[in-house]
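Worksheet: the structure to be examined is printed underneath.
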Protein chains: 2
Amino acid sequence: MGVTTMQDVADRAGVSIATVSYVVNGTKAVTPATRAKIEAAMADLNFQRNRAARALAIRRTQNLALVYPALERRLGATSVEFLTSAATAANRSDYHLTLWPVSNDAVGLKDLLSAGLVDGVLLMEVLLDDPRVTTLRDAGTPFAMIGRTADPSGELYADIDFDATVSAALDRLESLGHRYVALIGERGGTGALPGYGPQVRTDEAFARLVAERGLRSVTVGCEQTASAGSDITQQLLAEHPEVTAILVRNEQATLGVMVGVRQAGLRVPDDVSVIALGTTGDISTMSSPALTMMQSPGEELGRLGVEILVDYLESGTRTPPQLVPCTFLPGASVAPAR
Amino acid sequence: MGVTTMQDVADRAGVSIATVSYVVNGTKAVTPATRAKIEAAMADLNFQRNRAARALAIRRTQNLALVYPALERRLGATSVEFLTSAATAANRSDYHLTLWPVSNDAVGLKDLLSAGLVDGVLLMEVLLDDPRVTTLRDAGTPFAMIGRTADPSGELYADIDFDATVSAALDRLESLGHRYVALIGERGGTGALPGYGPQVRTDEAFARLVAERGLRSVTVGCEQTASAGSDITQQLLAEHPEVTAILVRNEQATLGVMVGVRQAGLRVPDDVSVIALGTTGDISTMSSPALTMMQSPGEELGRLGVEILVDYLESGTRTPPQLVPCTFLPGASVAPAR
DNA sequence: CTGAAAGCGCTTACAG
DNA sequence: CTGAAAGCGCTTACAG
């Protein structure tokens with residue numbers, strides 16, 4: 001029932017409570033015979049050491065906070081993967097993950113930190129210029145970012161490798177003969193944060209890579225709805241009829257882009273290839289033809305974020321930045337250039 | 001820095017630590033003058049009482065576990081809303097929400113409970129016959145369900161009001177002259193759990209309500225992909241050409257259904273109206289025409305679940321079951337019957 | 001109204 | 001290798 005205490009175990013094993021603690025934690029060497037008695041007693045009593053008491057004694061809670069913006073940005077299905085993976089990774093290291101929805105302006109963040117509730121913070125949806133990072137740094141709270149600020153040097157973080165992601169998408173398109181590629185991103189709308197890293201870094205990577213490869217290109221943005229995606233796509237294809245491939249980094253607009261191609265009198269993928277960037281696999285099966293996509297590594301980022309943070313907490317190790325490319329998810333929306 | 005202790009406050013205010021505790025917790029009456037001194041000292045020192053010490057002393061952690069199946073069922077965007085709302089509601093009552101992804105067979109659930117890590121559990125994605133419920137009940141852990149088992153009597157829960165939801169959808173269709181309505185649910189696929197409540201209860205409500213209203217109806221199911229949705233829809237419309245409206249309770253297939261209507265040579269909503277049941281608003285803007293839907297009350301369920309649980313923990317109140325209908329989200333996929 | 005003191009269940013120098 | 005005891009920072013009868 002969880003009411004068994006270390007004292008109960010000690011009594012039953014006929015040893016002191018200190019010795020029980022030594023075997024539970026592996027802190028000190030203990031005679032095999034003594035250890036056996038204690039382990040038997042623990043099994044009999046179904047002993048689980050009390051977290052609160054331990055936390056008080058060692059002055060660490062083994063709790064991690066997952067801080068994310070409650071309202072500012074709608075989190076999609078990728079986030080659930082991310083959360084689950086982070087929580088699972090935490091559990092593996094005997095930590096727990098507490099959900100901490102706060103507003104982006106860092107209100108409420110300070111109170112959290114001083115209550116000694118958590119040992120460290122995992123920060124999601126990091127902005128290029130993020131007040132929460134400043135707050136955490138000033139407070140001296142250990143933290144790791146998922147994403148990164150404009151200048152993240154010296155901080156702990158894991159992020160998407162936007163360069164490798166865009167590069168992989170272009171590789172595939174080039175190999176199929178595409179020479180004129182469009183990028184549709186976000187613009188306006190309630191979900192678009194100013195200085196949102198993934199957007200800015202994707203744009204930069206795209207601009208540089210098409211130049212390096214000598215590809216023709218065009219970049220536009222639209223609000224995060226299907227109809228905006230459809231509209232911008234029709235306009236795009238009217239103004240740049242030679243475009244044969246579109247990269248979309250705008251989850252809500254993606255399916256609208258597919259519709260827009262059709263409404264322009266063209267077919268996916270026969271006339272125009274479409275690759276969705278950085279979304280979750282769900283959307284692929286939701287569309288027909290199934291979308292070809294570069295899938296966000298939500299699971300890997302969740303795990304890495306926790307590992308980086310825990311390593312730092314446990315051993316002071318400052319793991320270098322971890323950049324993970326999106327993974328290619330085959331679909332039916334890409335074909336050779338017409 | 002969080003290192004200020006109650007003793008520090010007591011020293012600075014020139015009182016005993018007990019008195020500080022009294023004003024912090026409002027446990028006992030304290031002279032206005034004394035209170036003022038203590039409050040000033042707390043403000044000066046930026047005091048936050050230590051959670052672990054408090055938890056140890058009062059034998060309650062003020063932590064809640066959010067238990068959900070890590071792998072068995074893909075959680076969609078509704079879940080994020082739900083999580084956020086639950087966490088926010090918990091914070092409002094000075095509780096915290098810890099993520100607890102476990103497998104559906106309840107492995108790992110027992111350890112959680114005996115470590116005294118949480119005071120109660122919020123259970124998501126409840127099955128009609130759910131082993132986790134048995135485990136929790138046997139362990140004597142306070143818990144509240146989001147959803148419910150086949151016989152939830154005596155338990156604490158909040159769930160969707162499937163009757164009211166289907167009824168509202170039918171109201172709308174009937175008022176537009178629809179007399180022959182199809183329901184497309186889930187079947188097979190990796191995400192379909194045997195005895196998944198929302199599916200079973202929607203089917204039951206639909207069957208009963210169409211009978212009561214004297215509507216013609218047909219019920220089918222398909223896997224959770226757009227292509228399955230498209231296929232089943234074409235087949236459905238071929239076999240039942242007089243169907244003028246479709247309810248879809250299969251998030252992944254929904255957009256496929258729209259495609260299927262078109263491929264059957266019909267238009268949405270001119271020839272066939274479509275209403276999505278129990279999904280998140282995201283999907284509405286992702287489709288064009290925008291989907292009309294009955295939106296899952298994720299936010300309300302998250303809040304209610306926590307409130308029910310906290311009320312029970314704090315005062316032993318057993319709030320009666322809370323059933324919340326999905327809310328109508330207007331779109332462009334419904335029109336008068338042809 | 002206020003305080004001294006025991007107790008919550010662990011951990012960890014320190015002594016033996 | 002094992003144990004007695006102090007201490008982590010609170011809460012709460014109990015006494016005054």
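Lettering follows sequence order; numbering is per chain, from 1. For the numbers below, each heavy atom of this structure counts, side chains included, while hydrogens, waters and symmetry mates do not.
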Of B/Y22 and A/R49, the one whose nearest nucleotide on DNA chain C sits closer to the 5' end is B/Y22
By nearest heavy atom, map A/V20 and B/R35 onto DNA chain C; which one lands nearer the 5' end?
B/R35
Does [X] make a side-chain N or O approach to OP1 or OP2 of [N] shorter than 4.0 Å?
X: A/S21; N: C/dT12; result: no
X: B/S16; N: C/dG3; result: yes
X: A/T19; N: D/dC1; result: no
X: B/T34; N: C/dT2; result: yes

From the list D/dC10, C/dG9, D/dT12, which nucleotide is the closest neighbour of the side chain of B/N50?
D/dC10
Nearest-neighbour nucleotide for the B/T5 side chain, C/dC10, C/dT12, D/dG9 considered
D/dG9
Pairing of [X] and [Y] as salt bridge, 4.0 angstrom limit:
X: B/E125; Y: B/R132; result: no
X: B/R137; Y: B/D130; result: no
X: B/R51; Y: B/D94; result: yes

For B/A53 and B/K28, take the nucleotide of DNA chain D holding the closest heavy atom to each; which residue's nucleotide lies nearer the 5' end?
B/A53
What is the distance from [atom1] of [X] to [atom2] of [N], rounded to the nearest Å?
X: A/L117; N: D/dG9; atom1: CG; atom2: P; answer: 16 Å
X: A/Q7; N: D/dG3; atom1: CD; atom2: P; answer: 11 Å
X: B/R59; N: D/dG9; atom1: CZ; atom2: P; answer: 20 Å
X: A/K37; N: D/dG3; atom1: NZ; atom2: C1'; answer: 13 Å
X: A/D11; N: C/dC10; atom1: CG; atom2: P; answer: 12 Å
X: B/Q48; N: D/dC10; atom1: CD; atom2: P; answer: 10 Å
X: A/L56; N: D/dC8; atom1: CG; atom2: C1'; answer: 4 Å
X: A/I17; N: C/dT11; atom1: CD1; atom2: C1'; answer: 9 Å

Heavy atoms, side chains only, cut-off 4.5 Å: are B/L128 and B/T149 in contact?
no
Watson-Crick or G-U wobble mate for C/dA13, both contacts under 3.5 Å
none
Passing option when B/V67 is tested against B/V102, B/T98, B/L136 for side-chain contact (heavy atoms from CB on, under 4.5 Å)
B/V102
How would you label the contact of A/V15 with the nucleic acid (heavy atoms, under 4.0 Å): base, sugar-phosphate, or nothing?
sugar-phosphate
